[in-house]
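Any value given below was found using the heavy atoms of this structure, including those in side chains, with hydrogens, waters and symmetry copies removed.
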Amino acid sequence: MSVSRKTSDWRSWPEKRVLTVGARRLNVDLTAAQTDRLLDFMAELRRWNRKINLIGPARPPEDLVLHLLDSLAPRPFLPAAPLRVLDLGSGAGLPGLVLKILRPDWTLTLAEAREKKAAFLRQAARRLNLGGLDVIQARLGPHHPDPPPHGFDLVTARAFGPLSELLSLAAPFLQHGGRLLAYKGPRADREMADAAPILKAGRFRLERREDFRLPFLDRRRVLLVFII
């Protein structure tokens, strides 16, 4: 994935331009409807963020780059077919709701342990009129009394925690041949090394790695796709 590092005075641009130009640098072409819906989601996220801690303190339009553009980065290499997707520790709906806007044909389950964040996810889904979506308030683990169903095609996780823990947690929810999409930053190599024993055990194998830098902000990001 190749991303231009030209920034110009992008902070003074209209947010629609920041989003569409940034997406294009990630090889994602947004339709007008997708762009409007993503900006509606960002507005709702900012509104709720004033009441509960959903995202960090970055100011507009940097928050749009850090969260929306980062979340949609894997779009060019995701499967074309409809998928059953589980977004672990969904929090602010990143990446789950962002990817759902781009792929309305997906059946999406958002798993979030905190009540207020789960309430935000439900409200955002209603405001965006997103169907084929379920929110489960649950701290997932082997002993949870009411886990989501198993047999997902794809599990996504962003800002979730160590890769070794994520691999162990995600495995039971994936069907054979399913994939885990992990969003990572500069510590990706260290986390891969720490997860080596799990990978050597043979249940997961790394199928794809994409290193890129966020448009405008030039921050390093790594997308890891594992197949089970």
Side-chain angles (χ1 to χ4, degrees), residues 1 3 10-11 13-52 54-56 58-112 116-136 152-159 181 183 212 214-217 221 223:
M1 183 183 293
V3 177
W10 65 274
R11 289 178 178 83
W13 294 357
E15 290 201 333
K16 182 173 289 190
R17 184 183 177 195
V18 174
L19 180 56
T20 55
V21 171
R24 205 171 297 125
R25 293 181 183 179
L26 293 168
N27 300 315
V28 178
D29 290 320
L30 298 172
T31 67
Q34 288 170 339
T35 301
D36 290 343
R37 194 171 254 189
L38 286 168
L39 291 175
D40 286 345
F41 168 61
M42 195 72 222
E44 186 73 1
L45 177 54
R46 288 166 177 162
R47 186 173 74 83
W48 276 69
N49 199 53
R50 291 193 288 269
K51 299 182 292 183
I52 63 175
L54 291 167
I55 56 175
R59 299 175 62 182
E62 289 191 10
D63 56 353
L64 186 153
V65 176
L66 286 169
H67 301 296
L68 289 193
L69 290 179
D70 186 39
S71 292
L72 61 80
R75 174 64 183 86
F77 58 83
L78 292 172
L83 301 177
R84 294 180 67 243
V85 181
L86 172 64
D87 189 30
L88 285 176
S90 192
L94 304 164
L97 288 178
V98 172
L99 295 176
K100 175 66 173 175
I101 289 170
L102 301 187
R103 293 299 305 270
D105 58 328
W106 283 5
T107 301
L108 177 65
T109 298
L110 303 170
E112 169 53 47
K116 290 182 179 179
K117 291 184 177 182
F120 162 74
L121 294 172
R122 294 187 181 99
Q123 171 60 24
R126 285 193 295 268
R127 182 177 179 84
L128 296 167
N129 195 27
L130 295 174
L133 183 151
D134 190 24
V135 177
I136 293 179
F152 288 93
D153 303 301
L154 178 68
V155 170
T156 58
R158 179 180 179 271
L181 169 60
Y183 290 68
F212 68 101
L214 279 178
F216 310 117
L217 295 178
R221 293 288 189 265
L223 295 169

Does a side-chain N-to-carboxylate-O contact under 4.0 Å join Lys117 and Glu112? no
Taking NZ, NE, NH1 and NH2 as the nitrogens, is one of them in Glu44 or Arg47 under 4.0 Å from a carboxylate oxygen of the other? yes
Report the distance from atom [atom1] of [X] to atom [atom2] of [Y], rounding to the nearest 0.5 Å.
X	Y	atom1	atom2	answer
Leu66	Ile55	CG	CD1	8.5 Å
Leu69	Leu217	CG	CG	9.0 Å
Met42	His67	CE	NE2	6.0 Å
Leu19	Asp36	CG	CG	9.5 Å
Leu110	Leu86	CG	CG	8.5 Å
Leu39	Thr20	CG	OG1	9.0 Å

Do the side chains of [Y] and [X] get nearer than 4.5 Å, heavy atoms only?
X	Y	result
Leu133	Leu97	yes
Leu78	Trp106	yes
Leu94	Tyr183	no
Thr107	Asp134	no
Asn49	Phe120	no

Sequence neighbours excluded, which residues qualify as side chain to side chain contact (heavy atoms under 4.5 Å, CB included) partners of Pro60? Glu15, Arg46, Asp63
Provide the closest heavy-atom pair for [X] versus [Y] in the form atom of the first, atom of the second, distance.
X	Y	result
Val28	Pro76	CG2-CD, 3.7 Å
Leu72	Leu26	CD1-CD1, 4.0 Å
Pro95	Arg158	CD-CB, 3.6 Å
Pro74	Leu99	CG-CD2, 4.5 Å
Pro215	Gly22	CG-O, 3.5 Å

Do Asp70 and Phe212 pass the side chain to side chain contact (heavy atoms under 4.5 Å, CB included) test, and can you show the C-alpha distance, the side-chain angles, and the key distance before you say yes or no? CA-CA 10 Å; Asp70 186 39; Phe212 68 101; 3.9 Å; yes
Using atom types as modelled and distance alone, determine if a side-chain donor or acceptor of Arg127 lies under 3.5 Å from a backbone N or O of Asp40. no
Over 60° means perpendicular and under 30° means parallel, so tell me whether Phe216 and Trp10 are parallel, tilted or perpendicular. parallel
Cation-pi geometry met for Arg84 and Phe152 (6.0 Å, 45°): yes
Will you find, in the side chains of Gln34 and Arg37, an N or O donor that is under 3.5 Å from an N or O acceptor? no
Determine, stepwise, if the pair Lys100 / Asp87 fulfils salt bridge (charged side-chain N to carboxylate O under 4.0 Å, His left out). CA-CA 10 Å; Lys100 175 66 173 175; Asp87 189 30; over 6 Å; no
What's the verdict on side chain to side chain contact (heavy atoms under 4.5 Å, CB included) for Leu30 and Lys16, showing C-alpha distance, side-chain angles and the deciding distance? CA-CA 11 Å; Leu30 298 172; Lys16 182 173 289 190; over 6 Å; no
